[in-house]
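Here the structure comes first, spelled out in structure tokens, and everything after it is commentary.
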Amino acid sequence: MAKIQAIRGMNDILPAQTPTWQYLERTVRTLLHSYGYSEIRMPVVEQTELFKRSIGEVTDIVEKEMYTFEDRNGDSLTLRPEGTAGCVRAAEEHGLLFNQTRKLWYTGPMFRYERPQKGRYRQFHQIGVECFGMTGPDIDAELLIMTARLWRALGLADNARLEINSLGTAEARKQFRDALVSYLSQYRDKLDEDSRRRLDSNPLRILDSKDANTQALLADAPALADFLDDDSKAHFERLKVLLDNAGVSYTVNPRLVRGLDYYGKTVFEWITESLGAQGTICAGGRYDGLVEQLGGRSTPAVGFAMGVERLILLLETLELVPAEVNDDADIYLLAMGERAEQQLLVLAESLRDALPGRSVVTHCGGGSFKSQMKKADRSGARLALIIGDNELDNGVVTVKPLRGGEQLEVPLANLSNTITEAFDNA
């Protein structure tokens with residue numbers, strides 16, 4: 001019978017990989033807590049209508065990439081392709097938004113049917129941050145300052161650059177959209193295939209085209225900045241001042257747009273040159289109209305999402321994962337003799353009580369002394385603790401350093417202190 005394998009683009013995260021994931025998640029969690037952000041957890045399945053109304057029915061995500069199915073009641077459900085819409089739905093449903101400010105974050109899997117490639121998968125993970133109830137550019141700036149601090153904490157500050165832009169109001173974008181379509185329609189035959197399709201459905205995405213000929217045509221195209229309303233211009237200028245004051249470097253990219261319909265005013269991307277084509281590691285912006293669009297009261301909002309797989313790949317590519325980030329044991333216990341085996345689990349529990357935070361692995365399954373020592377070494381532990389019938393009779397434990405050092409016989413009463421000193425002096 002053939003073995004069943006994972007679905008293409010939906011990957012297992014193996015024990016050798018999870019310590020790096022935990023390191024990244026722990027670093028992000030600590031940072032967000034220090035800025036006063038609260039975690040929210042949403043379901044991975046939502047009503048399909050949520051994403052059609054928020055992302056936009058003529059976007060690639062809704063048209064091509066969503067995992068949508070009917071449940072047994074005939075309701076159309078979708079595995080979430082992104083987190084913002086679900087976060088807005090949850091916050092509005094539970095009364096977290098009206099006349100309040102909120103700073104929320106979440107992490108978890110998202111799902112899009114795409115051609116799997118390095119850094120882009122069908123099940124992928126994001127860390128998202130969403131802020132509600134604040135209209136000014138100060139919260140936009142805080143998100144970017146906070147993200148810059150994260151790059152420093154991870155050692156990525158020299159490998160991530162910031163691009164920003166303003167999309168203005170919906171009316172400004174409509175005027176720009178009409179002007180852009182009018183201009184590009186003259187050159188429809190010269191556009192790449194994706195851009196020709198987007199000309200009728202989502203023309204602003206043409207500004208994102210990687211096709212060299214299309215980019216050459218855009219050189220003389222109308223500029224979004226020329227259509228911005230005064231409020232959006234003022235908002236953007238104040239944002240730049242706040243970033244300048246905080247020492248956060250950025251580039252204004254007038255062609256930067258986001259692929260989701262709900263964005264307006266500030267948009268941004270953090271980009272790395274170290275991952276080839278998959279260079280965007282964090283992106284977001286303002287979406288002041290989305291809460292109202294989904295049935296709530298008008299609520300200003302801004303947020304971002306970062307791709308966990310891409311950040312992991314970047315940390316590994318640049319060899320920035322700290323050496324101590326691993327799943328190695330600290331202490332490995334093994335026993336020789338029937339009486340000693342009966343006491344091994346008791347000794348392990350007493351050590352866990354005395355040494356909180358230390359990884360204490362107990363050898364189970366028997367085997368020769370030689371085979372047990374091989375497993376102790378493979379565990380990565382710094383110390384092996386050996387008890388046999390002789391040790392039991394004498395009230396001692398043999399402490400054997402596995403990474404260099406002198407073997408000792410230590411009285412049980414002094415064991416935890418000896419272990420603590422061994423780690424402190426390492």
Side-chain angles (χ1 to χ4, degrees), residues 35-37 54 56 84 88 97-104 129-149 161-181 183 202-205 207-208 218 221-271 280 282-294 296-305:
Y35 277 77
Y37 286 73
S54 60
T84 299
V88 170
L97 300 184
F98 182 58
N99 281 339
Q100 302 172 73
T101 60
R102 292 283 178 180
K103 294 181 176 182
L104 304 175
V129 172
E130 317 290 354
C131 304
F132 301 97
M134 292 160 273
T135 59
D138 50 354
I139 189 60
D140 306 17
E142 179 180 272
L143 290 181
L144 296 171
I145 293 166
M146 181 175 69
T147 316
R149 181 177 291 274
R161 59 181 177 84
L162 174 62
E163 293 187 354
I164 63 174
N165 193 23
S166 177
L167 300 182
T169 62
E171 179 58 31
R173 289 195 304 282
K174 181 181 182 305
Q175 293 176 12
F176 170 65
R177 180 186 187 280
D178 293 343
L180 183 65
V181 170
Y183 169 80
N202 197 355
L204 265 63
R205 288 304 309 279
L207 301 178
D208 266 343
L218 288 170
L224 176 57
D226 295 335
F227 293 82
L228 292 184
D229 54 288
D230 290 342
D231 180 61
S232 295
K233 288 179 182 178
H235 186 103
F236 195 53
E237 291 303 315
R238 291 198 300 272
L239 171 63
K240 290 190 287 184
V241 169
L242 291 170
L243 294 178
D244 291 338
N245 290 345
V248 176
S249 299
Y250 60 87
T251 300
V252 176
N253 178 357
R255 295 182 184 175
L256 174 62
V257 296
R258 302 293 304 132
L260 309 180
D261 280 359
Y262 51 64
Y263 284 111
K265 287 190 176 177
T266 305
V267 289
F268 56 85
E269 289 186 359
W270 287 94
I271 300 167
T280 301
C282 176
R286 293 201 71 92
Y287 50 95
D288 292 341
L290 182 57
V291 176
E292 188 173 13
Q293 188 177 324
L294 293 177
R297 304 194 188 196
S298 179
T299 304
V302 61
F304 67 71

With side chains defined as the heavy atoms from C-beta onward, is the minimum distance between [X] and [Y] less than 4.5 Å?
| X | Y | result |
| --- | --- | --- |
| Glu142 | Tyr35 | yes |
| His235 | Thr266 | yes |
| Val257 | Leu167 | yes |
| Leu218 | Leu207 | yes |
| Arg286 | Asp140 | yes |
| Val88 | Ser54 | no |

Practice task
Verify the distance criterion only: is there a donor paired with an acceptor across the side chains of Tyr287 and Gln293 at less than 3.5 Å?
Solution key: no

Handout entry: N-O pairing of Lys240 and Glu237 below 4.0 Å
Key =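 The answer is yes: the pair qualifies as a salt bridge.
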
Handout entry: Under 3.5 Å donor-acceptor, Arg173 side chain and Gly168 backbone
Key = yes

Practice task
Could you tell me whether a side-chain N or O of Asn253 sits under 3.5 Å from a main-chain N or O of Glu163, the two making a donor and an acceptor?
Solution key: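 No.
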
Handout entry: Residues that Phe268 engages under ring-ring contact (aromatic ring centres under 6.0 Å, His included), provided they are two or more places apart
Key =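 None.
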
Completion exercise
Rounded to the nearest 0.5 angstrom, the CZ-OG1 distance for Phe304 and Thr84 is 10.5 Å

Handout entry: Separation between OG of Ser249 and CG of Asp244, rounded to the nearest 0.5 Å
Key =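 Ser249 OG to Asp244 CG: 8.5 Å, rounded to 0.5 Å.
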
Practice task
For a side chain to side chain donor-acceptor pair (under 3.5 Å) with Lys265, tell me which candidate from Asp288, Asp229, Asp231 qualifies.
Solution key: Asp231

